Amino acid sequence: MLKSYFKTAFRNLLKNGLSSFINIFGLAIGMAATILIGLWVYDELSYNSYFENKDKIAQVFQHQLNNGEIGTSPAIPRPLEFALRENYADNFKHIVMASWEYPRYLKVGDKNIFITGNAMQEGAPDMLDLEITQGIKNGLKEKNSIMLSQSAATTLFGNTNAIGKTVRIDDADNLIVTGVYKDIPESNFFSDMEYLIPWKYIITQNWIKNAKDQWDNNSFQLLVQINENTTMESVTYKIKDVKKNAAPDLAQFNPQMFLFPMKDWHLRGDFENGKQVGGRIENVWLFGIIGVFILLLACINFINLSTARSEKRATEVGIRKCLGSQRRQLIFQFLSESFLIVLLAFVFAIGIVLLSLNGFNTLASKTIEFPWTDLGFWLIALLFIYLTSLFSGSYPALYLSSFNPVSVLKRTFKTGRNSSLLRKILVVTQFTISIALIIGTLVVMNQIQYSKDRPTGYNKEGLIQIPVMSEQFLGKAPVMRTQFIASGGVVEMATSSSPTTEVWSNNGGYTWDGKPQGLQEDFAYMAVSYDFVEALGAKIIEGRGFSREFSTDSLGVILNKTAVEYMNIKNPVGKFIRDVREDNPAPPLKIIGVIEDIIMQSPYEPVKQSIYVFDRFGHASFYNLRLNPRKNVSENLALVEGVFKENFPNAPFDYQFVDEEYGKKFRAEERIANLARVFTILAIFISCLGLFGLAMFVAEQRTKEIGIRKVLGASTGRLWLLLSKDFLILVTIALVVASPFAYYIMNQWLQKFSYRTSIGWDVFIITCLGAILITLITTSFQAIKAAKADPIKSLRTE
């Protein structure tokens, strides 16, 4: 019996070739898009799956009250480690102090590599369950040791055993390789960690030693693994007031420590006023919904085309019923056809996924592989096929099997108005979804462009930055500047303690005349050299930049425009601020200039109040070079590299274009916009495919009417309008339904950006014109074909 069902179904597929093709092709596109989205969602949800202990690993965060607003940060003071070890050790399996990820250059013989990694305490490899391929897991015990990722070890030592060999780090110290671990896969935290050095190695730096007792110096991160017999919540409850109790003078900030579980780092990392409010999980939900919608659009095509052709299949149903077929058997017959179509579509969908996976990975910045050997995927695929078959085939099966055989065979059968109404509702539903996706994509693209067009406060074109990689750089900046400019490749150079596009340090503890009472000051902080304003092309509003002509500038400070407003200072140039954290009496800092706001953090957020102090001690982290605009970039870089190599022959020449670094701030939103754009195009394509099929059906159904109208003198244009207007009405209804819905959703989405665009009428006008144009293009082929047909032939056929 089952064989008979599929045999009949296969014959029907061949008999209705074009209709079958539209069904299968549309479903295949929809299923392929859904599978890709499903793989992307799975990859996001399984982030950090490499770490076996991820449910027990956490990072210590803290909430702090500042001017009535609670800020949340992973930066903690160093004494917290000692407090946890001394008073709460029985709650933890591991307590690991860690540096922020930092690039260093490693040298073995004539091989130099510039890679990123961390300094961590001894328990880190065990806590992160690093898979050791050479050496020992406890490889951070000795101060002069280093552990390398497999790829870093291969680059430096080839395929030989690296254990016991020497690596020179930052051209300053020799470290012994004690362990090599497998590269941490993409889609995991620490996947960029290519080296691990002991915490003991870096704490010899003065500023870290001095921070040992400083509860107000939040410059560190602390990772922990809790014991099996406890929970994140109970440990958080115990440690939340550790800082407040240890440093009563900081009680005004109400510091609250808490454990932020590793399983939430990737998807739920956003906080607002002390509350966890989500994060990337919103994108997971968004694309999950889009995937369901796209599959729904493809299923609607199947339902519409099946019911539209019901009159043609009515005779078949009538004869089968007269020959004794039960309605149940007919339902199985039609469901078999549905299953066969979905199965074929799934096979084609797999092919489309395989062909497009590389491009999709590039678009999404992922390394997703097709899960050939994953039994779970194939079980889900079977369920997916079954449910899709059931959903798309149930209504046509119930509808077609309900025909009265007597009326069918007497030729008095007419399809009900309900089936026509249902088709119209489904078409409106299809275009409502497609139009909402178009509006959503346009709004996301507008928001990104709006933020890109925002004035940055400096000229980022032709500006490069070179990281200061070791102590050998220190003190050489003035000489380097002279040589860079003399080479002709650079017109100006300055140093800074953080990159132009980031804030590495935030400071408080300042006072000034007229300081608002109760203000808990908090500034973005950067130490810079002479010529900083000139090198960046920043705009001076009042006063001037740091100058060698004024010996007192070593105790000068520059404010940005927002800082002046924040501090409520009138005529700031010439006035003083004092760092009250320094030894008494602290030297006052004279305000020598005010510059336009420079965007260093998120381009979607307001610029933070910032102070730029003079780098008195020459501890810069970056050289900022303004390339010569009269030469081409490659010529400038060759000249810069020549000077660099002359001074640092053992260091790799590494540089970053500031405009590219700034552009990275938009990557996440651009990836979302690109994915949304692709899936919107697919949704429109699937909807148009269904519209094309319906237009073909309507043209066939009205062949006789068209013939008569032509004989009576109707023009091709009038006939085209006659056949197209019904679809235009449906799309217009979809526009009316989708527009307010999409406006509400996207307006809510925009609220998360402080610096945001508005949703203008142009978005709806473009969408409206686009939807109408797409509808006319889709339906016109069939309409014009029918209108141009020979009326005599049409009438004779009818």
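For clarity, every value in this text was computed on a predicted model and none was experimentally measured. Position 1 is the first residue of the sequence, and the numbers go up from there.
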Note to self: Could you check whether Q121 and E81, counting side-chain N and O atoms only, form a donor-acceptor pair closer than 3.5 Å?
What the structure shows: yes

| Residues K590 and D553 bridged, charged N to O under 4.0 Å | no

Practice task
Starting from the C-alpha separation in whole Å, work towards a yes-or-no answer on side-chain hydrogen bond (donor to acceptor under 3.5 Å, both in side chains) for Q150 and T133.
Solution key: CA-CA 8 Å; Q150 184 67 63; T133 58; 2.8 Å; yes

Any side-chain heavy-atom pair from P572 and E542 closer than 4.5 angstrom? yes

Exercise for the section: Please test D170 against K107 for salt bridge (charged side-chain N to carboxylate O under 4.0 Å, His left out), starting from the C-alpha separation and ending with a verdict. Expected result: CA-CA 8 Å; D170 292 341; K107 183 169 185 255; over 6 Å; no

task: Test salt bridge (charged side-chain N to carboxylate O under 4.0 Å, His left out) on R481 and E492 and set out the steps.
output: CA-CA 7 Å; R481 174 179 177 273; E492 194 49 272; 2.8 Å; yes

Inset, instruction - Using only heavy-atom distances, determine whether the side chains of N48 and H266 contain a donor-acceptor pair under 3.5 Å. - result: no

Report task. Might you work through the side chain to side chain contact (heavy atoms under 4.5 Å, CB included) test for V491 and L627, ending with a clear yes or no? Result -> CA-CA 6 Å; V491 294; L627 299 180; over 6 Å; no

Residues D522 and Y566: closest non-hydrogen pair is N-OH, 3.1 Å

| said: When you compare the side chain of Y525 with that of V613, does any pair of heavy atoms fall below 4.5 Å? | reply: yes

Taking the six-membered ring for Trp and the full ring for Phe, Tyr or His, determine whether the centres of F220 and W207 are under 6.0 Å apart.
yes

When every non-hydrogen atom of L140 is compared with those of I197, the smallest separation belongs to CD2-C, 3.9 Å

Note to self: Determine whether K243 and N218 satisfy the following criterion, side-chain hydrogen bond (donor to acceptor under 3.5 Å, both in side chains), listing intermediate values before the conclusion.
What the structure shows: CA-CA 11 Å; K243 181 176 176 179; N218 300 307; 3.1 Å; yes

| message | Check this for me, if you would: do D129 and K137 make a salt bridge, where the nitrogen-to-carboxylate-oxygen distance has to be below 4.0 angstrom? | response | yes

- Task: Take M193 and T116 through the test side chain to side chain contact (heavy atoms under 4.5 Å, CB included) and record every step on the way to the result.
- Result: CA-CA 6 Å; M193 188 176 71; T116 58; over 6 Å; no

So, Y655 versus Y623, ring centres under 6.0 angstrom or not?
no

Does R454 make a cation-pi contact with Y755, if we ask for NZ or CZ under 6.0 Å from the ring centre and within 45° of the axis?
-> yes

Does E549, at its CD atom, have more than 12 non-hydrogen atoms belonging to other residues, nucleotides or ligands within less than 6.0 Å?
no

Please set out all donor-acceptor pairs under 3.5 angstrom arising from side-chain atoms of residues 455-466, sequence neighbours excluded.
{"unit_1": "T456", "atom_1": "OG1", "unit_2": "Y458", "atom_2": "O", "d": "2.8"}
{"unit_1": "N459", "atom_1": "OD1", "unit_2": "E461", "atom_2": "N", "d": "3.1"}
{"unit_1": "Q465", "atom_1": "NE2", "unit_2": "Q656", "atom_2": "OE1", "d": "2.7"}

Tell me whether K645 at atom NZ has more than 12 heavy atoms from other residues, nucleotides or ligands lying less than 6.0 Å away.
yes

Test your reading of the model: is there a side-chain donor-acceptor pair from N628 to the backbone of R630, 3.5 Å cut-off?
yes

Exercise for the section: Starting from the C-alpha separation in whole Å, work towards a yes-or-no answer on salt bridge (charged side-chain N to carboxylate O under 4.0 Å, His left out) for K561 and D597. Expected result: CA-CA 6 Å; K561 183 181 173 185; D597 289 343; over 6 Å; no

Exercise for review: Just do the ring-ring contact (aromatic ring centres under 6.0 Å, His included) check on F653 and F644 with the steps written out, would you?
Suggested key: CA-CA 7 Å; F653 178 56; F644 183 88; 5.3 Å; yes

Next on the checklist: I'd like to know if the side chain of T482 reaches the main chain of P478, judged simply by a donor and an acceptor atom lying under 3.5 Å from each other, with no hydrogens or angles considered.
Outcome noted: yes

M120 and A98 have their tightest heavy-atom pair at CG-CB, 3.7 Å

Can a donor-acceptor pair be found, under 3.5 Å and without considering hydrogens, that links the side chain of K366 to the backbone of D43? no

Worksheet item: Any donor and acceptor pair, going by atom type alone, linking the side chain of W100 with main-chain N or O of S219 inside 3.5 Å?
Response: yes

- Using atom types as modelled and distance alone, determine if a side-chain donor or acceptor of S610 lies under 3.5 Å from a backbone N or O of K608. yes

- Indicate whether the side chain of N560 and that of E596 have a donor and an acceptor atom separated by less than 3.5 Å. no

Q.
Determine whether a donor-acceptor pair (N or O, by modelled atom type, separation under 3.5 Å) exists between the side chain of S99 and the backbone of A119.
A. yes

Worksheet entry | Ring centroid separation Y510 to F576 under 6.0 Å | no

With the side chain counted from C-beta on, respond yes when I146 and L106 share a heavy-atom pair under 4.5 Å apart, and no when they do not.
yes

Here's one to test your reading of the geometry: is the NZ or CZ of R544 within 45 degrees of the ring axis of F550 and under 6.0 Å from its centre? yes

For residues Y201 and D173, is any side-chain donor paired with an opposing acceptor at under 3.5 Å?
-> yes

Is E502 salt-bridged to K664, cutoff N-O under 4.0 Å? no

Charged N-O contact under 4.0 Å between R280 and E44:
yes

**OP:** Report the C-alpha distance between Y105 and I115 in whole Å, list the side-chain angles of each, state the deciding distance to 0.1 Å, and finish with yes or no for side chain to side chain contact (heavy atoms under 4.5 Å, CB included).
**Re:** CA-CA 6 Å; Y105 83 90; I115 57 176; over 6 Å; no

Nearest heavy-atom approach of Q134 to A162 is OE1-N, 2.9 Å

Is the F546-F532 ring centre distance short of 6.0 angstrom? no

Residues 133-190 vs ring-ring contact (aromatic ring centres under 6.0 Å, His included), sequence neighbours excluded, gives F189-W265

Between E101 and N118 the two heavy atoms that sit nearest each other are N-ND2, 3.5 Å

| message | Could you walk me through whether S151 and D183 satisfy the side-chain hydrogen bond (donor to acceptor under 3.5 Å, both in side chains) test, starting with their C-alpha distance in whole Å, then the side-chain angles of each, then the deciding distance to 0.1 Å, before giving a yes or no? | response | CA-CA 7 Å; S151 56; D183 292 357; 3.0 Å; yes

- Task: Taking the side chain as every heavy atom from C-beta outward, state whether N624 and L536 have any pair of such atoms under 4.5 Å apart.
- Result: yes

Between S621 and W504, is any pair of side-chain heavy atoms under 4.5 Å apart? yes

Checklist entry - With a 4.5 Å heavy-atom cut-off, do N138 and E122 have their side chains touching? => result yes

Requested in this report: Using a strict cut-off of less than 4.0 Å between a Lys/Arg side-chain nitrogen and an Asp/Glu carboxylate oxygen, indicate whether K452 and E670 qualify as a salt bridge.
Outcome: yes

Go through T160 and K165 one step at a time and tell me if the side-chain hydrogen bond (donor to acceptor under 3.5 Å, both in side chains) criterion holds.
-> CA-CA 10 Å; T160 61; K165 294 182 177 172; 3.2 Å; yes

Residues passing the salt bridge (charged side-chain N to carboxylate O under 4.0 Å, His left out) test with D615, sequence neighbours excluded, are none

Please walk me through it: do V60 and L80 pass side chain to side chain contact (heavy atoms under 4.5 Å, CB included)?
CA-CA 10 Å; V60 182; L80 182 65; 3.7 Å; yes

Side chains of Q483 and N647, donor plus acceptor under 3.5 Å = yes

message: When you compare the side chain of T501 with that of K665, does any pair of heavy atoms fall below 4.5 Å?
response: yes

What one should report as the nearest heavy-atom pair of N506 and V503 is OD1-CG1, 3.8 Å

